[in-house]
Participant: 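Questions regarding the structure given below will be posed in turn.
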Amino acid sequence: MVINSTSPMVVVANRLPFTVQKNPVTGQMERKHCAGGLVTAVAPVVVETEGLWVGWSGQHQEDGVVEIPEANPNDQSPTAGLKSWQVKPMMSQKTLFDNYYNGCCNATFWPLFHSMPDRAIFQQDKWEAYREVNEQFAKLTVEAVQSLSKSNPETIPLVWLHDYHLMMAANSIRDRCDKLGLPIKMAFFLHIPFPSWDIMRLFPWDDELLQGILGCDSVGFHVEDYCLNFIDCCQRRLGCRVDREQMLVEHNGRTVSVHPLPISIPYDRFVSLAEKAPQVVKNNEQEQLLLGVDRLDYTKGLVHRIRAFETLLQKHPEHIEHVTFLQVAVPSRTDVKEYQELKEDLDQLIGRINGRFSTPNWSPIRYIYGCVSQEQLAAFYRDSSVAVVTPLRDGMNLVAKEFVACQVSEPGVLMLSPFAGAGSSMHEALLVNPYETDEFAEVMHRALTMPKDERELRMKQLRHREREHDVNFWLQSFLKSVDCLADNNLTPGRLLPLREEDFSQFLASYVKESSRLALLLDYDGTLAPIAPHPDLARMPEETRRVLERLAHMPDVNVAIISGRSVENVKSMIGIEGITYAGCHGFEILHPDGTMFIHPVPHEYEVQLDQLKKQLEEEVCKYGAWLEQKSSGITFHYREVPKDKQSEIITNAQKLFQNNNIKLHQSHMAYEARPPVTWDKGRAAIYLLRTLFGLDWCDRVSTIFAGDDRTDEDAMRALQGMAVTFRITTLPNLRTAATYRLPNTDAVLTMLKWVEKRLSSRLPVTNGLRSRKTSMSSIGNNSPPHPPSSPTRRSRSNSQSPSPTEPNKQMMVMTDQVYHQLISRKNSPPRVSVSPVNTNTRSTV
Ligand code: ADQ
């Protein structure tokens, strides 16, 4: 096989394609070939592309250093051509590895991804072990990349991560390679099914997992259904922009392509094995063999199959003494209780059926529990009349394909479960639902009695397809999908830049033409790009104009919730008729000039004064400076030269600690915030209640957008009651937001979509679209908010000052009042407005 790959390949899989064991007789370390789909398919590819293989050798750190032995000269396995320098063994600490492998991979992902969630366990410590071992794999992979780059500096290595054991390695590999200036391409291939969103969401850390996979440039699954499941999860869980037609997912500003890549087998190798293999010994010439070949795993449906065979003998006694079921089961995960129980169940079932139907010259079931050579397997495949490949769920299933390849003489029949990936392409097989025992037995009967012409026809088609689509074809397709195939001019799929139309996907069903809309927006990093100094963080003129037009639309309320002080954020935005919430919602200035200030404890104020003084005197140097806010401070160190940063940071941290003030990390800054349970989330809910009344959620469509941790409070508080956007380019971020956007430009695009959507509605004639906003109007059901178009902007409270001048009356709401407000279920909120002197602050 000639593989024209443009890149040297680093395959990363949980296991090396063989284990390394000590020969008890010679005392020498030697390779032991492992059965399994991945090895059968990928090992020949690594051999022929002179790639590297990173994986676990079967030894742990406690076992000491492992030298990889060369292959035995008589080795006929697919890994025989793999030289020891091509193998990088991963060694981990035993307990950690056990938690990763048995605790998470096999006890969580294996059952979950096979849609058997009742068997799955979800444990934080196992998940942490999984992440840690993935990190170890990542480190070793980067070493492999380095060694390939040294010997081949002109080429870009292709890292190919395999299977559910390695879903969290990609981002770390990418980061490390970036730091070392090593360019790479990275792909992931999953050998098991990818479940639907309904199943995936059961995993408590599904967002991290999906982002882990999205660290690759290209993601492959066996069949299209799994691809669509993955795309669906990315869209629904992470809020990614996706293109189902082209199978693309946008994440963290990168486009990840998704590919159906049905794995296959080395077809010609199986044909030649089958042509040479010795005859399988049968009881007599006429005896027909039904064959099952599987790892002993609960997903493979062995018990269901043997039960169906029992039903066959019961319903069709004519097969007694003429048909034998040959089940070959490779021991798998033998140290796991569930697998031991499965073996016991199967042993008992087979024993019972053999006891029930055996005659002096015949037993219905021949059962081999062990690994057999490929030569022996080829003989079984060739000489069997029917292959019974009936998993309850299976990524692809190579046994079905191997059977077909080995049908070199009298054609047999393939029975196949539709729940195996292979079921979606091997159409000429007899499909059988393994759960339906009676029907299963009938299909067995049909297969055993199928006329030769029908068998020939079906098998010919099956063989033709598998010959064309063998493992070489799979590899070529994979290389093409990552643009590593020589002589292939593939333009990588890209999602078009984010357009207004894309927001229809996110918002069309939520923001209707008839909606009242509340737009709650953060400023820095959301409306204005982050700048080296807050004064330089300017909102683009276009954003300002769109916001202004939106603010003037009937039935639209715009509120800005920022960490800046209210005066500052108002001056940065400079739009009248909108609500400004400063200091993360501690101060709220309504369009009618009324001001809400959340009270803060007196003790905190004293401590804060002290901290301010000390920071100014001791650490405000080298460009570090203090931003004053009414309820807190922000200490900025962005402009401090790199070599001075750690000194400044350590000293600032000490001062926060000495003054007993909690330090909140912000963008290259530390914030002091009052120690009260008030944040952007509570402020957002408060705003919505005061603007629209207690039932705001029924009547108002709310959109929130923000870019940092403080905005997460609002995203959490509004979950299920608003559409929220997190502006981020972090590759692996947990967020409560409904969707992610890459930058402030995307926010502008979203605002433009909203404007267009709402502008298309009919003019208001019946007054239904008048807005409620004024604090003072809430509670009396009077038309609440002054209509916001300039011509209709007469104020409902004629006594209020002009909108350009904030009302000097301040409304202070205690926690107690707030709780009363939110606990009143059926009546609109009434807030007691207590005029206080702006210079004094009430304390709690
Ligand atoms: P497996 O779950 O291991 O693979 P499968 O695809 O059937 O399932 O591959 C089994 C392999 O093991 C075959 O190559 C078979 O020849 C070999 N084998 C089985 N029994 C054997 C025995 N007793 N002795 C020796 N060899 C034996 C996972 C996924 C599958 C997916 C593959 C490849 O679960 O759905 O098809 O990876 O991606």
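Both backbone and side-chain heavy atoms feed into the values below; hydrogens, waters and symmetry mates do not. Position 1 is the first residue of the sequence, and the numbers go up from there.
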Participant: How many angstroms lie between CD1 in I263 and NE2 in H191, if you round to the nearest 0.5 Å?
Facilitator: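 If we round to the nearest 0.5 Å, I263:CD1 and H191:NE2 are 5.0 Å apart.
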Participant: Can you find a side-chain donor-acceptor pair between Q61 and S92 that sits under 3.5 Å?
Facilitator: no
Participant: Does any donor atom in the side chain of R31 or Q21 lie under 3.5 Å from an acceptor atom in the other side chain?
Facilitator: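 No, no side-chain donor-acceptor contact under 3.5 Å.
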Participant: Any chance NE2 of H427 has more than 12 other-residue heavy atoms, nucleotides or ligands included, within less than 6.0 Å?
Facilitator: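 Yes, because the 6.0 Å sphere around NE2 of H427 holds more than 12 heavy atoms from other groups.
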Participant: Using distance alone, with no hydrogens and no angle criterion, decide if T299 and D297 have a side-chain donor and acceptor under 3.5 Å apart.
Facilitator: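 Distance-only check passes for T299 and D297.
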Participant: Any idea how F122 and F203 line up, ring-wise: parallel (<30°), tilted (30 to 60°), or perpendicular (>60°)?
Facilitator: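 Correct class here is tilted.
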Participant: Taking it one step at a time, do D394 and K300 satisfy salt bridge (charged side-chain N to carboxylate O under 4.0 Å, His left out)?
Facilitator: CA-CA 7 Å; D394 212 338; K300 303 288 181 184; 3.0 Å; yes
Participant: Can a donor-acceptor pair be found between the side chains of E466 and Y267 at a distance below 3.5 Å?
Facilitator: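 Side-chain D/A pair, E466 to Y267: absent.
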Participant: Checking side-chain polar atoms at under 3.5 Å, does E132 have a donor or acceptor matched by the opposite partner on Q136?
Facilitator: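 Judged by distance alone, the side chains do not pair up.
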Participant: Taking the six-membered ring for Trp, are W56 and Y101 parallel (under 30°), tilted (30 to 60°) or perpendicular (over 60°)?
Facilitator: tilted
Participant: Can you tell me which residue among F478, Y226, W474, F221 is in a ring pair (Phe, Tyr, Trp, His ring centres under 6.0 Å) with F189?
Facilitator: W474
Participant: Given 3.5 Å as the limit, does a donor-acceptor pair link the side chain of S417 with the main chain of P434, or not?
Facilitator: no
Participant: Tell me whether the guanidinium CZ or amine NZ of R119 lies under 6.0 angstrom from the six-membered ring centre of Y298 and within 45° of its axis.
Facilitator: yes
Participant: Indicate whether any N or O donor in one side chain lies under 3.5 Å from an N or O acceptor in the other, for R237 and Q211.
Facilitator: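 No, no side-chain donor-acceptor pair sits under 3.5 Å.
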Participant: Working to the nearest 0.5 Å, report the span between NE2 of H162 and CH2 of W53.
Facilitator: 6.5 Å
Participant: Please determine, by modelled atom types, if S332 and R295 share a side-chain donor-acceptor pair under 3.5 angstrom.
Facilitator: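 Indeed, the side chains of S332 and R295 share at least one donor-acceptor pair under 3.5 Å.
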